[in-house]
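Below, all heavy atoms of this structure are taken into account, side chains as well, without hydrogens, waters or symmetry copies. What you are looking at is a predicted structure, and each value in this text was computed from that prediction instead of being measured.
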Amino acid sequence: MPGPGCRHSPRFVRHATLAYIAPMEDILVGNAPCSWGVMGGYDPANFPPYERVLVELAATGYVGTELGEWGFLPTDPAGLQSALTSHGLQMIGALVPITLADPRAHGEGRTRALRTARLLAACESRGPERPYLVLADANGANPARTKNAGRIKSEHGLSPDAWETFARGVTEIAKAVADETGLRTVFHHHCAGFIETAEETERLLEMTPPDLVGLCFDTGHWAYAGGDPLQALRRYRERIWHVHFKDCHADVASAARENEWDYFAALENRIYYGLGTGDVDFPALVAELRRSEYSGWIVVEDELPPGMGNPRASAQRDRRYLRSLGL
């Protein structure tokens with residue numbers, strides 16, 4: 001049987017926009033503060049006010065948001081729920097980055113994961129999907145992985161012992177979250193972290209319990225890491241419980257390789273900017289989502305560093321594009 005919230009398919013090729021299709025009522029479309037530049041690795045002083053982000057997110061047609069960096073949105077349950085309710089938004093989930101290859105980081109990481117999960121669990125949920133704890137490596141923390149994002153080689157990977165430590169940390173934290181809050185954990189493969197490539201993602205999935213750890217499938221990160229998103233979504237269908245939609249530009253990826261840009265330089269050059277303008281085949285993705293009866297959230301992430309671009313205009317454009325695909 002298919003796993004909860006799972007579905008199939010993207011692809012790393014240019015594509016034509018489909019004609020308008022009736023919306024898929026079993027899929028909810030959200031956005032995230034990272035589309036407004038609220039991302040790790042950047043000075044929080046340059047983040048926009050959270051009230052502006054929620055206003056613009058709701059006004060451009062999204063019905064949910066992820067939490068963003070801890071402390072960006074209110075961290076007390078009543079305050080967070082009030083902020084969400086006032087804009088008609090639901091809480092989707094929250095990314096918690098942890099240095100999982102270091103056993104010394106597991107205790108503190110578990111504390112942060114549980115703190116976040118308690119806050120998510122206190123939020124009201126409409127419909128069958130409760131928020132997800134989105135676990136990730138401490139992306140951007142390792143210099144070699146950050147420098148070589150999008151072109152990882154075997155020498156940049158984990159040692160056998162570190163793999164065991166990493167997988168054990170993921171499993172133990174997911175179990176603690178489930179036991180205390182009832183929330184499910186998905187792992188986010190992510191460029192500039194130790195789980196980036198198809199091979200690394202598959203190995204982690206093999207080393208973690210399928211009933212306890214799902215996959216947060218991110219179309220842009222998969223493509224930048226050199227994978228075919230459509231094939232991946234089909235292959236890992238039963239482990240994919242949560243989906244992030246971001247585009248990926250092959251010309252920017254090529255320039256990053258040629259110029260040896262690190263991960264943050266690729267972001268500044270708009271590697272993930274603008275749904276439907278890059279090389280992820282979202283029409284094929286949506287067709288496969290329909291075929292496999294996906295239900296749950298799709299979260300749009302149109303990432304630029306803080307202060308770059310026009311996030312509201314981008315969010316509006318992305319939402320219009322997804323509506324043309326029936327979402």
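The cluster map of Ile, Leu, Val, Met, Phe, Trp and Tyr, joined by side-chain heavy atoms under 4.5 Å apart, puts Val170 and Leu183 in the same cluster. Clustering ILVMFWY residues whenever any of their side-chain heavy atoms sit less than 4.5 angstrom apart, transitively, puts Ile298 in the very cluster that holds Leu67. Criterion: ILVMFWY side-chain heavy atoms under 4.5 Å apart, direct or through other members. Under it, Tyr321 and Val243 are part of a common hydrophobic cluster. Using a 4.5 Å cut-off between side-chain heavy atoms of Ile, Leu, Val, Met, Phe, Trp and Tyr, with links allowed through other members, Tyr273 and Trp36 fall into different hydrophobic clusters. Linking Ile, Leu, Val, Met, Phe, Trp and Tyr whenever their side-chain heavy atoms come within less than 4.5 Å puts Leu80 and Trp70 in one cluster.
A donor-acceptor pair is defined here as one N or O able to donate and one able to accept, closer than 3.5 Å; no such pair exists between the side chain of Asp137 and the backbone of Asn139. Side-chain atoms of Ser254 never come within 3.5 Å of backbone atoms of Ala250 as a donor-acceptor pair (strictly under, hydrogens ignored). Although no hydrogens or angles enter the test, the distance criterion places no donor-acceptor pair under 3.5 Å between the side chain of Asp26 and the main chain of Ser295. Distance alone, capped at 3.5 Å, is enough to place a donor-acceptor pair between the Asp262 side chain and the Ala265 backbone. A donor-acceptor contact shorter than 3.5 Å links the side chain of Tyr62 to the backbone of Arg319. Judged by distance alone, the side chain of Thr208 and the main-chain N or O of Thr171 form no donor-acceptor pair under 3.5 Å. Asp279 contributes no side-chain N or O that, together with a main-chain N or O of Asp247, makes up a donor-acceptor pair within less than 3.5 Å. Although no hydrogens or angles enter the test, the distance criterion places no donor-acceptor pair under 3.5 Å between the side chain of Glu124 and the main chain of Gln90. Between the Thr181 side chain and the Val177 main chain, a donor and an acceptor come within less than 3.5 Å of each other. The main-chain N or O of Arg237 is never found under 3.5 Å from a side-chain atom of Arg239 such that the two would form a donor-acceptor pair.
Side-chain contact between Tyr50 and Pro74: present, with at least one pair of heavy atoms (C-beta onward) separated by less than 4.5 Å. Using a 4.5 Å heavy-atom cutoff, the side chains of Arg115 and Val96 are not in contact. For the pair Leu204 and Trp163, the minimum side-chain heavy-atom distance is below 4.5 Å. In this structure, the side chains of Thr185 and Ile173 stay at 4.5 Å or more apart for every pair of heavy atoms. Looking at Val29 and Val300, their side chains come closer than 4.5 Å, going by heavy atoms from C-beta outward. Put simply, the side chain of Leu54 reaches to within 4.5 Å of the side chain of Leu73, judged on heavy atoms. At least one side-chain heavy atom of Pro311 sits less than 4.5 Å from a side-chain heavy atom of Arg52.
Side-chain contact annotation: Arg270 with Thr277, donor-acceptor N/O pair under 3.5 Å absent. In this model, a donor atom of one side chain and an acceptor atom of the other lie less than 3.5 Å apart for Glu202 and Tyr236.
Note that NE2 of His106 is 12.5 Å distant from OG1 of Thr111, once rounded to the nearest 0.5 Å. The distance from atom CG of Leu285 to atom CG of Leu325, rounded to the nearest 0.5 Å, is 9.5 Å. Put simply, CD1 on Ile271 and SG on Cys191 are 8.0 Å apart, with the number rounded to the nearest 0.5 Å. To the nearest 0.5 angstrom, Thr65 atom OG1 is 7.0 Å from Asn31 atom CG. Rounded to the nearest 0.5 Å, atoms CD (Gln81) and CG (Leu119) are 10.0 Å apart. Between the CG atom in Asn148 and the CZ atom in Arg257 there is a gap of 12.5 Å [rounded to 0.5 Å].
A pairwise comparison of heavy atoms in Pro306 and Gly37 identifies CD-O, 3.3 Å as the closest pair. Nearest heavy-atom pair across His87 and Ala83 is CD2-O, 3.1 Å. The shortest heavy-atom contact between Ile98 and Gly109 is CD1-O, 3.4 Å. Between Ala101 and Leu158, the shortest heavy-atom distance links the atoms CB-CD2, 3.7 Å. Nearest heavy atoms, Ala167 versus Met207: CB-CB, 3.7 Å. The two residues Ala59 and Gln316 come nearest to each other via the heavy atoms O-OE1, 4.3 Å.
In the displayed structure, Glu260 atom CD is contacted under 6.0 Å by at most 12 heavy atoms of other residues, nucleotides or ligands.
Applying the ring-ring contact (aromatic ring centres under 6.0 Å, His included) test to residues at least two apart or on different chains, the pairs with a partner in residues 170-193 are Phe166-Phe187, His188-His190, His188-His221, His188-His244, His189-Phe217, His189-Trp222, His190-His221, His190-Tyr263.
In summary, of the residues considered (His156, Arg145, Glu200), a side-chain contact (heavy atoms from CB on, under 4.5 Å) with Phe194 occurs for Arg145 alone. The salt bridge (Lys or Arg N to Asp or Glu O under 4.0 Å) test with Asp302 singles out one residue from Lys246, Arg312, Arg317, and that residue is Arg317.
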Inset, instruction - Check the pair Lys175, Leu212 against side-chain contact (heavy atoms from CB on, under 4.5 Å), reporting the backbone distance first and the verdict last. - result: CA-CA 7 Å; Lys175 186 176 187 307; Leu212 188 63; 3.9 Å; yes

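Remark: Arg112 engages Glu108 in a salt bridge, criterion side-chain N to carboxylate O under 4.0 Å. We find that Glu164 and Arg168 are not joined by a salt bridge, their nearest charged nitrogen and carboxylate oxygen being 4.0 Å or further apart. A salt bridge is absent between Arg110 and Glu172; no separation between the charged side-chain nitrogens and carboxylate oxygens falls under 4.0 Å.
The aromatic rings of Phe282 and Phe245 sit tilted relative to each other, their planes meeting at an angle between 30° and 60°.
Both cation-pi conditions hold for Arg184 and Trp241: the charged atom is under 6.0 angstrom from the six-membered ring centre and inside a 45 degree cone around its axis.
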